[in-house]
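What follows is a single structure, written as structure tokens, with notes after it.
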Amino acid sequence: MIEDLILAKYNYWIYVTLMMIGFYAVIAKKNLVKKVIGLNIFSTAIFLFYISIGDVIGGTEPIYIHGEHVVYVNPIPHVLILTGIVVSVSITAVALALIIKIYEEFGTIEEDQILELQS
Amino acid sequence: MIFDNAPALVVIFPLIAAITVPIIGYYNKRLIPYYVTLVIFCSFIFSISNLRTVMQTGSISYTMGGWEPPFGIEYAIDYLNGFVSIVVIFIIFIVSIYAKKSVEQELPGRTINFYTVFLLLTAGLQGLIVTGDLFNVYVFLEISSIAAYALVSVGKSRDALMASMNYLIIGTVSASFILLGIGYLYMVTGTLNMADLADRLPLAFDERPKVVLAAFAFFLVGFSIKVGLFPLHTWMPDAYSLAPSAVSAMLASTFTKVAAYVMIRVMFTIFKPDFIISTVHAHTILAWLAAIAIIAGSVLAIAQTDFKRMLAYSSVSQIGYIILGVALMNQIAMTGGVIHIMNHGIMKAALFMVAGAIIYKTGIRNINDFKGIGKTMPYTSAAFTLVALSMIGIPPTVGFVSKWYLALGAIEAGMWVFVGVIMLSSLLNIVYFWRVFENMYFYRAEGGKVDEVPLSMLLPILILAALTFLLGVLALYPLKEIMAPMVQIILPG
């Protein structure tokens, strides 16, 4: 029972755990940089999920060799996640640029202090 | 023929132009606004050509690089997205005319950057509408979202930075949920093409129901955040009220509408109405959430004194109308919901433009300081009055058309309580727009001299205000020629 539920699917458990760690950081941390780190953990967890659904037991790398029929892993989720990584990098860049501007304007990157300055 | 490639060109035109804007700006800065308006006009022409093709020969399936649909990326256009595409690009076209003067004042020296990101947002939204591939939806969603975060952050007040940061965090979480939903569907079906997914999903649901249910839940939550459905609307008031005027007009009237369209697409083309009604009962939950959004948005709008913030909360309530039309699950309500995408787009763009015009001329945002503006800015105030009456739902304006269809749809579904909700919301609309009328017209002005905004800002407002009236009178044409076949496709029976 436990083997079926946890050990056989440990990759999915890792993804769920990481995702919740990232989600916790996004919600609970006051520091904006820590929030962005949380977002990155969150999206990395999703990348791990995509990569593990592409796996085929006993598969090799997906390179087509003429005349040979081999079992290979599904390359499409991996390619999709390359796009996902690019998107994640761009969002991190925009977020960090925003944080720099926020620091210039408010002199702090702690959310509760900024809220005090706003009112 | 160039029009054979129109489905791709509606996206590619603004995308390529976004890259060329800095090059042109390097030589001559003053050309950029005209160049951008011209590019968006071309994209508008291609959109019209797409809908014409759909009306003459049926749905378009455009393949990229010669790869046949289930394998390659497909752009699929039918009545629904052909219609939304025209509405969105038309509003962006009007906003781009309006933006010239407004941006000159609010973002001096940053026009090149502004128009580059503006065109990227246009390309992202158009791509989101025409694509027939689920992963493409995610990519275009992120392109347009990143552009939107950047545009919100350049607002005048420093609070705009925090508004943009909050928008970014919430928006990224919602896009991640959508990405997860796509992953779950890919896991059980092995395809990303929407039409192919729809074919394979019933079998996949029989084999692994839990995965499909989880995917549906992820999509619902993800899109609800992007649409700004009531309890998940928190990013919206800050982002819309603190962004530059042109950006508020554009985001409020296009982005949430496009997100609503994608939500309809995922719910009705991929998951099918049967699945929603008999398996997950999502329509009941959505309808009640929409009803709460309609009432709560209006009540919160009454509590605001900042004009733009009031309009943003009014958006929360108007989004409720669209979702209510979708969630009632019958053809009449669906017609009301989809036509409200157009109607609300036009009305909200006009209202935010009026807000921007008043800020441009006087710098006033607080409604209580509007005294005498009816005298000094007569055309803007008249346009505002017409559009606000349409928001309330006075016949024969467009606001009446969508409310009429929604009410009929609620009766058809046997849910009389929603008719009451629509009535109550119209009353609340009167309350919060009346304060503005009162301050505009019923107080004596000090100066009293006519001091209007420049023509390039006034004309877009007047065109949109005229459209709220004209499209209300001539509503029969789009209803008969576009809405009827569209509803037949997405909600047969």
Side-chain angles (χ1 to χ4, degrees), chain A residues 12 15-16 19 22-23 25-27 29 32-33 35-36 38-54 74 76-77 79-84 86-107 109 111 113-115 117-119, chain B residues 70-71 73 117 120 124 133-136 138-155 157-192 211 214 218 222 238 242:
Chain A
Y12 296 117
Y15 126 70
V16 170
M19 191 166 111
F23 212 23
V26 171
I27 295 169
K29 292 293 171 190
L32 291 178
V33 174
K35 272 184 194 278
V36 174
L39 272 186
N40 268 300
I41 297 173
F42 190 81
S43 41
T44 309
I46 296 172
F47 302 162
L48 286 180
F49 161 72
Y50 263 80
I51 288 164
S52 63
I53 63 175
N74 186 355
I76 293 175
V79 178
L80 295 181
I81 238 45
L82 273 181
T83 318
V86 174
V87 168
S88 172
V89 167
S90 340
I91 288 190
T92 311
V94 173
L96 292 177
L98 270 176
I99 290 173
I100 291 172
K101 287 293 282 180
I102 288 173
Y103 185 73
E104 280 174 7
E105 294 282 340
F106 292 94
I109 51 169
E111 206 180 17
Q113 291 173 12
I114 295 172
L115 285 177
L117 287 170
Q118 274 183 332
S119 56
Chain B
F71 306 107
I73 289 171
V117 183
L120 279 177
D133 182 283
L134 206 50
F135 195 76
N136 233 256
Y138 168 72
V139 174
F140 279 123
L141 192 69
E142 286 293 36
I143 291 178
S144 41
S145 298
I146 291 174
Y149 308 146
L151 286 176
V152 168
S153 72
V154 292
S157 127
R158 65 177 184 173
D159 294 350
L161 291 169
M162 260 331 262
S164 169
M165 190 72 205
N166 285 334
Y167 185 13
L168 184 144
I169 288 169
I170 296 173
T172 308
V173 169
S174 94
S176 301
F177 280 158
I178 293 164
L179 182 61
L180 262 179
I182 296 168
Y184 276 45
L185 284 189
Y186 182 77
M187 209 157 105
V188 288
T189 60
T191 178
L192 292 165
V211 182
F218 276 127
D238 278 343
L242 296 167

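Proteins come first, then strands; the chains are lettered A, B, ... in the order of their sequence lines, and each starts at number 1. Remember, predicted model here, so these are calculated numbers, not experimental data.
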Do [X] and [Y] have side chains that get closer than 4.5 Å, going by heavy atoms?
X: Tyr138(B); Y: Thr83(A); answer: no
X: Leu32(A); Y: Met162(B); answer: yes
X: Phe42(A); Y: Thr172(B); answer: no
X: Leu80(A); Y: Leu192(B); answer: yes
X: Asn166(B); Y: Glu111(A); answer: yes
X: Met187(B); Y: Tyr50(A); answer: no

| message | Can you tell me how far apart NZ (Lys35(A)) and CD1 (Ile169(B)) are? Round to the nearest 0.5 Å. | response | 5.0 Å

Just so I understand: if I count every heavy-atom pair under 4.5 Å between each of [options] and chain A, which residue has the most?
options: Ser157(B), Gly183(B), Ser145(B); answer: Gly183(B)
options: Ile143(B), Ile182(B), Asp159(B), Ile146(B); answer: Asp159(B)
options: Gly190(B), Ser153(B), Ser164(B); answer: Ser164(B)

| task | Verify the neighbour count for atom CZ of Phe71(B): are there more than 12 heavy atoms of other residues, nucleotides or ligands below 6.0 Å? | result | no

| task | Using non-hydrogen atoms and a 4.5 Å limit, figure out which bit of Phe106(A) sits close to chain B: side chain, backbone, both or neither. | result | both

| request: Sorted by first residue and then second, give each side-chain hydrogen bond (donor to acceptor under 3.5 Å, both in side chains) pair with at least one member in residues 174-188 of chain B; sequence neighbours left out. | output: Tyr15(A)-Tyr184(B), Asn74(A)-Tyr186(B)

| field | Closest-packed option against chain B by number of heavy-atom pairs under 4.5 Å, given Ile76(A), Ile91(A), Val26(A) | value | Ile91(A)

| task | Output, in order, the C-alpha distance, side-chain angles, deciding distance and verdict of side-chain contact (heavy atoms from CB on, under 4.5 Å) for Met165(B) and Val36(A). | result | CA-CA 10 Å; Met165(B) 190 72 205; Val36(A) 174; 3.8 Å; yes

Listed pairs under 3.5 Å, donor-acceptor, residues 92-104 of chain A side chains, sequence neighbours left out:
unit_1, atom_1, unit_2, atom_2, d
Thr92(A), OG1, Asn40(A), OD1, 3.3
Thr92(A), OG1, Asn40(A), ND2, 3.3
Thr92(A), OG1, Ser88(A), O, 2.7

| field | Proximal component of Asn136(B), with respect to chain A [non-hydrogen, under 4.5 Å] | value | neither

